[in-house]
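Counting convention: from 1, in listed order, for ligands and their atoms alike.
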Amino acid sequence: MNNFSFSESRMFSILFNGISEGALVVNQNQIIVELNSSAANMFGYDIKELKGKHINTLIPQRHHQAHDKHVKEFVKKDKKRRMGENRKIFGLKKDNNVFPIEAGLNPFKIDGEKFVMTIITDITKRVENEENIISLNESLEKKVQQRTEQLQHSVDELSELNDLFKDEIMRRKQAEARIKTALQKEKELNELKTKFLSLVSHEFKTPLSGILTSATLASKYTKTEQQDKRDKHLNTIKNKVHYLTSILNDFLSIERLESGKVTYKFDYFSLLNLINEVVYNANVTLKTGQKINYPQDLEEVEMYQDRNVVELILSNLLNNAIKYSKEDTTITLKITQNDKFIHFEISDEGIGIPEKDKEHIFERYFRAENALLNQGTGIGLNIIKVHLENLGGNIYFESLENKGSTFFVKLPIKHED
Ligand code: ADP
């Protein structure tokens, strides 16, 4: 079944055997008419075995139909082309093994008869390599994905840990703040106790020794006509006892205000009476040449308040005015009223309050620098302010150092239950 002449056939065989790729020629009926040893080896045959066989011998069964169709179309078009470029094609070996190939088809005519020469390359290795690369890529992608998942997991764990830490830190901070507040309170309490003890010992010592001196001196005046001398010392003793009582009252007030135990006793009373009483008591403590100016034509006002507290406020302010002023000065008490409120103004021509101390004046135990030579506890104004706030009133002051001070008090005439 050789369609070539002898010389042609020899030429083919020289050409064919000279190339390392597999080469075979089929006729129009797809019968193999020539092939080289590379092609025969590739498919596991001897050259002789394949000559005259249908090309389908070298194509796996399942590709026969597709190949047939493909070749027919190709022969019709009569063009050079490569097979296996866009789709995979396979060869069938004698031992039935299937392997991937690439084929270049070259149609030609001899004496009007159509032939196709096919150059075949066994691409098993290349495909293997490609598959290796693909599977390497796949496993690499898988690994990347796994690592990403692990990383995400770690990130999640970390952020969970972070949240836990945040909670823990928050709880610790809160606990710390609680401990700090408790400690601060404890410290303040200790300071208060220390201050109280030093105040008590200091504030009580001087009047007590004064009382002792006066008592000793009074006892020396034994004669009947020395009554005025005895009276003078007895007065001093009375004053000092009065002072000690007021300090003790202040301390007790603080204690009661602090513990919330303070209860007010509201009742009706005459303002006129109260003022007379307060001024009368204050007059006893005046220094030489000092006097208290107060309204003589005061209208009668009926108040409904805690009388003792109003007395404490006014006497404290008057006592301060006296205490912080020199001899021969005037203390003025002014009283005005409207429907609801009564206003008291207590002015003096005393030492005044230094600018830098003004903001602290109502703080408990605070005493201005220029007041330290006078006796005092720094409690009075603080108590007054708390009482006034409790009773719906208020207090403020104006003062110039070395010129004098005025304290303004506002209080509801009638407490509303
Ligand atoms: P104390 O008079 O016992 O020190 P207070 O609470 O009554 O305590 O007063 C607090 C401080 O306010 C005083 O130490 C003093 O510095 C100042 N102060 C109060 N009243 C006057 C005043 N009339 N003139 C000058 N300073 C005053």
Any idea which atoms of ligand 1 are less than 4.0 Å away from a heavy-atom of Ala368? 14 (O), 16 (O)
Run the contact test for Phe366 against ligand 1 with a 4.0 Å cut-off on heavy atoms, strictly below, and give the result. yes
Under 3.5 Å between any N/O of Asn382 and any N/O of ligand 1: does that happen in this structure? no
Would you say Glu369 contacts ligand 1, with heavy atoms under 4.0 Å as the rule? no
Are Arg171 and Glu168 within salt-bridge range, i.e. N to O under 4.0 Å? yes
Less than 4.0 angstrom from a charged side-chain N to a carboxylate O is my criterion; do Glu138 and Lys142 meet it? no
Look at the aromatic rings of Phe366 and His360 and report parallel, tilted or perpendicular, splitting at 30° and 60°. tilted
Asn320 and Ile346: CA distance, side-chain angles, deciding distance, side-chain contact (heavy atoms from CB on, under 4.5 Å) verdict: CA-CA 10 Å; Asn320 276 350; Ile346 298 106; over 6 Å; no
For Lys323, the ligand 1 atoms with a heavy-atom partner under 4.0 Å come out as 1 (P), 2 (O), 3 (O)
Quick check: does Gly380 get an N/O under 3.5 Å from an N/O on ligand 1? yes
Ligand 1 contacted by Phe407 (non-hydrogen, < 4.0 Å): yes
Specify the protein heavy atom at minimum distance from atom 23 (N) of ligand 1: its residue, its atom name, and the distance to 0.1 Å. Asp348 OD2, 2.9 Å
Do Glu345 and Thr332 get their side chains close enough for a donor-acceptor pair, meaning under 3.5 Å? no
Shortest protein contact, atom 7 (O) of ligand 1 (heavy atom only): Asn320 ND2, 2.8 Å
Give me the atom names and distance for the closest heavy-atom approach of Thr329 to Lys326. OG1-O, 2.8 Å
Does Gly378 come within less than 4.0 Å of ligand 1, judged by its heavy atoms? yes
Would you say that Lys114 contacts Val116 through its side chain, given a criterion of any heavy-atom pair below 4.5 Å between the two side chains? no
Look at atom 26 (N) of ligand 1 and say which protein heavy atom is nearest, naming residue and atom and giving the distance to 0.1 Å. Ile353 CG1, 3.4 Å
Quick one: nearest non-hydrogen protein atom to atom 2 (O) of ligand 1, plus distance? Tyr324 OH, 2.6 Å
Would you say Asn390 and Tyr264 are linked by a side-chain donor-acceptor pair, where the criterion is simply a distance under 3.5 Å? yes
Would you indicate whether the side-chain heavy atoms of Val26 and Phe115 approach each other to under 4.5 Å? no
Just need the protein heavy atom nearest to atom 17 (C) of ligand 1, so name the residue and atom and give the distance. Ile361 CD1, 3.8 Å
Nearest heavy atom to atom 3 (O) of ligand 1: which of Thr377, Asp357, Ile383 does it belong to? Thr377
Can you check whether Arg367 has an N/O within less than 3.5 Å of an N/O in ligand 1? yes
So the atoms of ligand 1 within less than 4.0 Å of a heavy atom of Ala371 turn out to be 14 (O), 15 (C), 16 (O)
Tyr396 and Phe408 aromatic ring geometry - parallel, tilted or perpendicular at 30°/60° bounds: parallel
Can you confirm, on distance only, whether ligand 1 has an N/O atom lying under 3.5 Å from any N/O atom belonging to Asn370? no
Any salt bridge between Glu34 and Lys51, counting N to O under 4.0 Å? yes
Between Phe407 and Phe344, is the gap from one ring center to the other below 6.0 Å? no
Which atoms of ligand 1 sit under 4.0 Å from any heavy atom of Leu381? 5 (P), 6 (O), 7 (O), 9 (O), 10 (C), 12 (O), 19 (C)
Applying a 4.0 Å heavy-atom criterion (strictly less than), which segment of Ile379 is in contact with ligand 1: side chain, backbone, both, or neither? backbone
